[in-house]
Amino acid sequence: MLSHGQVVRLIFGLKLRELRQERGFTPAEMARACDVSVSYLNEIEKGKKYPKADKILSLSKVLGVSYDQLVSLTLSRRLEPISELLQSDLLKEFPLDMFGLDPLRIVELIADAPAKMNAFISTLFEIARNYEMRQEHFFLAALRSFQEMHDNYFEELEQDVRTFTVEHNLPAAAPLDRGQLERVLVEQYGYSLDRAGLDEYAHLGRLRSVFQPKSKRLLLRRELTGAQEGFVLGREIAFNYLGLKDRPYVNASFPVRSFEEVLNNFKASYFAGALLMEEEMLVRDLTGFFNAKKWEPALLLDLLTRYDVSPEMFMQRITNLLPRHFGIQSLFFLRFDQANGSADYKLTKELHLSRLHNPHGNELHEHYCRRWISLRMIAELRQQPPTDAPSYTLGAQRSRYPNGDEYLCLTLARAGTATEPAVSVTVGLLCDENLRQKVRFLDDAAIIVKEVNETCERCTIPDCEVRAAAPLEVERRQRQQELQAAVAALVNEA
């Protein structure tokens with residue numbers, strides 16, 4: 001990440017170069033007038049050096065500006081986007097080195113070609129504004145890219161979990177005893193747990209836990225399931241055991257303060273999932289599931305019960321292990337939420353490995369394809385008679401896209417009445433020869449096959465039984481092609 005000093009030096013250098021060029025000085029002429037070497041002036045303009053006060057005064061006199069004007073952090077209107085980027089939290093907090101980027105190299109790129117970088121940055125800002133992209137969106141997108149770079153498997157965190165279990169004599173059995181996790185928090189980290197403290201905050205909705213750092217008091221909602229509480233306890237252990245300082249204090253999605261907070265929250269969540277679902281044990285269980293000759297959803301549902309975890313935790317844990325242990329690297333993970341039966345479907349989490357781009361979230365306010373099993377199962381469950389405590393249902397589908405890609409999609413979904421929220425989590429595996437070798441039930445006739453598309457607006461499937469909107473984008477493209485053909489014919493007319 002860029003330090004404050006680097007930002008100050010770079011802004012000073014950019015301003016000095018711009019003023020020198022406006023006054024018509026060559027680097028050699030400017031260096032002679034200020035009694036400095038050309039190489040030293042070049043280092044100042046590239047943001048590598050910051051001159052002392054007497055040199056700044058000399059530079060300001062030669063350029064005909066005040067001392068204060070030269071040292072201020074305000075750039076000209078032409079370079080304003082660069083100034084906005086440099087002084088934002090993005091470069092100050094974003095760990096460029098995590099992606100193999102040297103912060104000094106970024107500084108050099110900006111300093112070497114400020115006009116081109118300015119145009120590039122202005123374009124990015126314009127796109128971000130058009131799509132209402134906030135800083136937290138950028139951070140979350142960067143986190144997904146980081147996960148994809150590592151195939152969503154992190155050996156160091158897996159090893160940390162193994163070391164922790166040995167140090168605390170935790171048995172390699174499922175489900176993990178949550179009482180042992182609570183004892184670690186209380187006895188080793190000085191926590192106190194309050195399972196009634198959130199009762200008076202009904203207006204906080206789905207908030208499951210709040211950590212009060214001053215008193216080390218962990219407030220837990222009374223209605224938490226065993227799986228939910230186990231995850232919260234495991235995550236709190238991770239924050240302490242891994243020494244993660246910047247962290248959220250609630251489980252819900254609130255505006256994030258830094259990328260470090262986003263990254264640490266991911267690490268703690270990964271640790272908790274690996275703690276509740278031990279790596280070697282789950283790999284053996286998944287191997288047994290994939291080796292079944294027929295599609296048997298009960299086998300996977302039994303694993304949910306055995307590990308006592310939520311469907312989302314289970315499906316996300318699968319995405320950690322499939323690339324490393326099964327060689328299945330082309331996969332995606334999706335979570336959809338629907339507030340009630342008449343609300344839009346919202347894609348609230350997604351992850352794509354091996355640069356798969358379908359299906360994916362869209363910010364164009366279009367209607368996701370209702371043939372996706374993620375949405376189809378929610379709609380079907382809403383049509384069933386209501387139950388007191390709706391449980392998760394597992395379904396499978398082979399989804400074929402117009403580009404020829406086909407995915408085996410495994411979905412866990414839950415939906416209540418038309419006025420209650422619904423959710424589905426899906427893992428999609430690219431159907432190729434590798435998957436055929438690993439998943440014996442892939443060709444089971446019990447798994448339905450459906451032609452799907454991205455959104456209704458972009459779909460050419462005729463007479464779709466679940467179309468939610470007209471194919472407006474298809475029609476627009478067709479009109480554009482007809483116009484282009486007519487223009488070409490007119491141009492080429494004899």
Side-chain angles (χ1 to χ4, degrees), residues 147-184 226-242 266-293 296-331 333 351 353-354 394 408 410 412 425 427-429 434-442:
Q147 292 174 257
E148 291 163 10
M149 284 173 55
H150 295 273
D151 286 334
N152 202 31
Y153 180 87
F154 296 87
E155 178 62 47
E156 289 184 5
L157 292 174
E158 299 283 352
Q159 183 57 52
D160 287 332
V161 170
R162 288 190 285 268
T163 303
F164 175 83
T165 57
V166 170
E167 290 176 351
H168 293 84
N169 297 315
L170 298 182
L176 187 65
D177 182 1
R178 293 189 299 277
Q180 292 180 292
L181 302 184
E182 182 173 342
R183 282 192 291 274
V184 171
Q228 291 168 339
E229 182 171 303
F231 178 76
V232 171
L233 298 179
R235 201 172 68 116
E236 288 299 324
I237 285 176
F239 285 128
N240 289 273
Y241 187 73
L242 302 177
F266 164 74
K267 290 179 178 179
S269 299
Y270 188 107
F271 184 100
L275 188 60
L276 296 171
M277 292 166 278
E278 194 272 329
E279 184 174 10
E280 291 186 8
M281 187 189 312
L282 185 53
V283 167
R284 288 195 299 270
D285 289 337
L286 289 175
T287 300
F289 169 66
F290 288 139
N291 280 337
K293 295 180 180 181
E296 298 184 40
L299 293 178
L300 203 60
L301 291 172
D302 286 345
L303 293 183
L304 270 181
T305 303
R306 179 185 175 195
Y307 287 93
D308 193 16
V309 291
S310 72
E312 182 172 348
M313 291 166 55
F314 186 78
M315 292 299 220
Q316 289 202 2
R317 183 63 175 148
I318 286 178
T319 67
N320 301 147
L321 303 181
L322 291 184
R324 171 59 64 95
H325 295 283
F326 296 87
I328 301 174
Q329 297 174 315
S330 298
L331 60 85
F333 170 88
L351 178 69
L353 301 188
S354 294
L394 176 63
L408 170 64
L410 306 177
L412 282 156
V425 287
V427 169
L429 313 175
N434 178 54
L435 188 70
R436 199 170 302 280
Q437 294 176 6
K438 297 296 193 306
V439 180
R440 297 185 64 187
F441 59 78
L442 180 60

Item to check | Candidate pair Leu304 and Leu394, rule side chain to side chain contact (heavy atoms under 4.5 Å, CB included), full reasoning | outcome: CA-CA 11 Å; Leu304 270 181; Leu394 176 63; over 6 Å; no
Next on the checklist: Evaluate Arg324 against Asp151 for side chain to side chain contact (heavy atoms under 4.5 Å, CB included), listing each step before the verdict.
Outcome noted: CA-CA 8 Å; Arg324 171 59 64 95; Asp151 286 334; over 6 Å; no
Checklist entry - Yes or no on side chain to side chain contact (heavy atoms under 4.5 Å, CB included) for Val232 and Arg235, after CA distance, side-chain angles and deciding distance? => result CA-CA 5 Å; Val232 171; Arg235 201 172 68 116; 5.8 Å; no
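Leu181 places none of its side-chain heavy atoms less than 4.5 Å from the side chain of Glu236. Between Tyr241 and Glu167 the shortest side-chain heavy-atom distance falls below 4.5 Å. Counting heavy atoms from C-beta on, the side chains of Val184 and Asn240 never come closer than 4.5 Å. Contact annotation: the side chain of Phe333 approaches that of Val425 to within less than 4.5 Å [non-hydrogen atoms, C-beta and beyond]. Contact annotation: the side chain of Phe326 never approaches that of Asn434 to less than 4.5 Å [non-hydrogen atoms, C-beta and beyond]. Residues Thr305 and Leu301 are not in side-chain contact: their nearest non-hydrogen atoms beyond the backbone lie 4.5 Å or more apart.
How far CG of Leu282 is from CG of Asn320: 9.5 Å, rounded to the nearest 0.5 Å. From Phe290, atom CZ reaches atom CD of Gln437 across 14.0 Å, with rounding to the nearest 0.5 Å. Atoms CE and CG, on Met313 and Leu276 in that order, are 4.5 Å from each other to the nearest 0.5 Å. Between the NE2 atom of His150 and the CD atom of Glu156 there is a distance of 9.5 Å, given to the nearest 0.5 Å. Rounding to the nearest 0.5 Å places CG of Leu410 at 5.5 Å from CE of Met315. Separating the CG atom in Leu408 from the NZ atom in Lys438 is a distance of 14.5 Å, to the nearest 0.5 Å.
Aromatic ring orientation, Phe314 versus Tyr307: tilted (interplanar angle from 30° to 60°).
Considering Leu322, Leu331, Leu429 in turn, Leu429 is the only one that fulfils the side-chain contact (heavy atoms from CB on, under 4.5 Å) rule with Leu435.
Heavy atoms of other residues, nucleotides or ligands lying less than 6.0 angstrom from CD of Glu280 number 12 at most.
Separation of the Phe271 and Phe239 ring centroids does not fall under the 6.0 Å cut-off.
His325 places no side-chain N or O within donor-acceptor distance of the main-chain N or O of Leu321, the cut-off being under 3.5 Å. Arg317 places a side-chain N or O within donor-acceptor distance of the main-chain N or O of Met277, the cut-off being under 3.5 Å. Within the 3.5 Å criterion, the main-chain N or O of Met281 finds a donor-acceptor partner in the side chain of Glu278.
Scanning all heavy atoms of the two residues, the minimum distance from Gly234 to Ala272 falls at C-CB, 3.7 Å.
Residues Gln147 and Tyr270 have side chains that never bring a donor and an acceptor to within less than 3.5 angstrom of each other. No donor-acceptor contact under 3.5 angstrom links the side chains of Tyr153 and Gln329, judged on distance only.
Ion pairing of Arg162 with Glu155 is present here, as a side-chain N (NZ or NE/NH1/NH2) and a carboxylate O approach within less than 4.0 Å.
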